[in-house]
Amino acid sequence: MMRQVIKLGGTLLESPASRDRLAAEIAAECRRNHTVVVHGGGRQMTRFLEERGVQSRFLDGLRVSTPEVIDAILKVIAGTVNTELVLALNRAGARAVGLTGLDASLVEAVRTRVELEAVGEPRKCNGELLDLLIQSFYIPVVACVAGNRNDGILNVNADRMAVACAAGIQADRLLFLTDVAGVRGADGATIADLSSAAARQLIASGVAQGGMQAKLEAAQWALDQGVREVWIGPGFEPGLLEHLHAGEGLGTVFHH
């Protein structure tokens, strides 16, 4: 069976209807392929913090992670978002297990820049735990929280977390399910097939910036880690995983 990591953007998990649809599709997928799910929850985080009078600050697209932010991450991303997704998957017939990068030191991360405070970059995924689970047809559902013994709990970008997990299980494929149709070119059209060189050109020209630039950089890192194929596409499209299984082209396939 193919090994794959599916990364779900937090916007796809906001509404119960979207969450349940994706859960049903992933539950069906895990009968075909060994699957790990990684998720974010940035929009839910921002809303939670605003309700408590905490304004989010970002540098280069990364949330400055003060102690208040880390507390919110544990409550929202590792807590509510993770638990609701696990429940939805289990209702759909899967056997989902909620995890963070801290469980059994699954993903070790180190602090990046001082001005970002407790923001981490994953350095190593100890894939043994994921292997044990997927070989027994469980679905690990990993929230983007990691750390190490010295730095404590760190906020990790969910795309980078997904790459670390994909490298840890030597995944054949990494899927980024997003709220956009795929990678767009200068003309606004979705690019079906994208090489590393073309991706670098999109970034250099400013066509790909912000969240899409981060996706492309994460995709390149995944290829460098030995993942054979990275796919970026519309998680809002019903039946998306079935379309991919049937070889129907949606979104963008990224390769060397």
Side-chain angles (χ1 to χ4, degrees), residues 4-31 33 35-56 58 61-63 69 71-100 138-145 155-162 165 174-184 190 210-212 214-215 218 231-245 248 250-252:
Q4 64 182 6
V5 173
I6 299 175
K7 186 267 174 172
L8 299 175
T11 54
L12 298 173
L13 302 175
E14 281 199 287
S15 81
S18 175
R19 184 170 57 241
D20 288 346
R21 176 186 60 78
L22 285 165
E25 294 182 16
I26 292 169
E29 182 70 15
C30 76
R31 290 189 280 272
N33 299 303
T35 301
V36 175
V37 174
V38 176
H39 67 84
R43 189 172 295 180
Q44 294 92 323
M45 271 283 300
T46 299
R47 186 166 58 244
F48 179 91
L49 290 166
E50 285 177 349
E51 288 169 354
R52 284 149 185 81
V54 179
Q55 290 300 310
S56 297
F58 293 87
L62 297 172
R63 192 188 305 265
V69 169
D71 181 62
I73 286 170
L74 295 177
K75 288 182 170 70
V76 177
I77 296 181
T80 302
V81 177
N82 187 270
T83 302
E84 288 180 342
L85 180 55
V86 166
L87 177 61
L89 285 161
N90 288 339
R91 273 200 306 252
R95 299 198 297 170
V97 180
L99 298 167
T100 73
Y138 290 95
I139 300 181
V141 180
V142 186
C144 54
V145 179
N155 175 16
V156 175
N157 173 271
D159 293 340
R160 307 290 283 186
M161 190 79 161
C165 291
L174 170 59
L175 308 177
F176 288 114
L177 270 58
T178 74
D179 57 356
V180 297
V183 181
R184 298 185 187 278
T190 300
M212 188 51 71
K215 283 268 188 311
W231 181 89
I232 302 170
F236 55 79
E237 184 75 35
L240 175 69
L241 296 176
E242 191 64 45
H243 288 308
L244 287 177
H245 183 68
E248 299 169 8
L250 290 172
T252 302

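Computed from a prediction, not measured in an experiment: that's the story for all the values here.
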Engineer: Do we see a donor-acceptor contact under 3.5 Å between the side chains of Thr35 and Gln4?
Structural biologist: yes

Engineer: Tell me, with the steps shown, if Thr83 and Leu87 meet side-chain contact (heavy atoms from CB on, under 4.5 Å).
Structural biologist: CA-CA 6 Å; Thr83 302; Leu87 177 61; 5.6 Å; no

Engineer: Looking at every non-hydrogen atom in both residues, tell me the closest pair between Ala88 and Asp20 and how far apart they are.
Structural biologist: CB-OD1, 3.6 Å

Engineer: Ser18: what forms a side-chain contact (heavy atoms from CB on, under 4.5 Å) with it, not counting sequence neighbours?
Structural biologist: Leu12, Ser15, Arg21, Leu22

Engineer: Applying the side-chain contact (heavy atoms from CB on, under 4.5 Å) test to Val141, which of Leu89, Leu99, Ile26 qualifies?
Structural biologist: Leu89

Engineer: Leu8 versus Arg19: any side-chain heavy-atom pair under 4.5 Å?
Structural biologist: no

Engineer: Minimum heavy-atom separation for Asn82 to Gly98, with atom names?
Structural biologist: OD1-CA, 3.3 Å

Engineer: Of all residues at least two apart in sequence or in a different chain, which pass the side-chain hydrogen bond (donor to acceptor under 3.5 Å, both in side chains) check with Thr46?
Structural biologist: Arg63

Engineer: When you measure from the side chain of Gln44 to the backbone of Val81, do you find a donor-acceptor pair of N or O atoms at a distance under 3.5 Å?
Structural biologist: no

Engineer: Looking only at non-hydrogen atoms, find the nearest pair between Ile77 and Gly40 and report the distance.
Structural biologist: CG2-O, 4.3 Å

Engineer: Which atom names give the shortest non-hydrogen contact between Ala162 and Leu174, and what distance separates them?
Structural biologist: CB-CD1, 4.0 Å

Engineer: Within the supplied structure, the quantity of interest is the number of heavy atoms (other residues, nucleotides, ligands) at a distance under 6.0 Å from Phe236 CZ; does it exceed 12?
Structural biologist: yes

Engineer: Of all heavy-atom pairs between Ala158 and Cys144, which one has the smallest distance, and what is that distance?
Structural biologist: CA-CB, 3.8 Å

Engineer: So, the side chain of Thr252 versus the backbone of Val183: is there a donor-acceptor pair under 3.5 Å, distance only?
Structural biologist: yes

Engineer: Under the side-chain contact (heavy atoms from CB on, under 4.5 Å) rule, collect the residues that match up with Ala72, sequence neighbours excluded.
Structural biologist: Met45, Phe48, Leu49

Engineer: Are Ile232 and Thr178 close enough, and set up right, to give a side-chain contact (heavy atoms from CB on, under 4.5 Å), and what steps lead you there?
Structural biologist: CA-CA 7 Å; Ile232 302 170; Thr178 74; 4.2 Å; yes

Engineer: Could you measure the distance from the CG atom of Leu13 to the NE2 atom of His39? Nearest 0.5 Å is fine.
Structural biologist: 7.5 Å

Engineer: Could I get the full list of side-chain hydrogen bond (donor to acceptor under 3.5 Å, both in side chains) partners for Arg184, not counting sequence neighbours?
Structural biologist: none

Engineer: Can you list the residues that meet the side-chain contact (heavy atoms from CB on, under 4.5 Å) rule with Asp159, with sequence neighbours excluded?
Structural biologist: Lys7, Asn157, Phe176, Lys215, Ala218

Engineer: Where is the tightest heavy-atom contact between Val145 and Met161, given as atom of each residue plus distance?
Structural biologist: O-CE, 3.4 Å

Engineer: Applying side-chain contact (heavy atoms from CB on, under 4.5 Å), name anything that partners Leu240, two or more places apart in sequence or on another chain.
Structural biologist: Glu25, Leu177, Trp231, Pro234, Glu237, Leu250

Engineer: So do Val36 and Ile6 actually touch side chain to side chain, heavy atoms under 4.5 Å?
Structural biologist: no

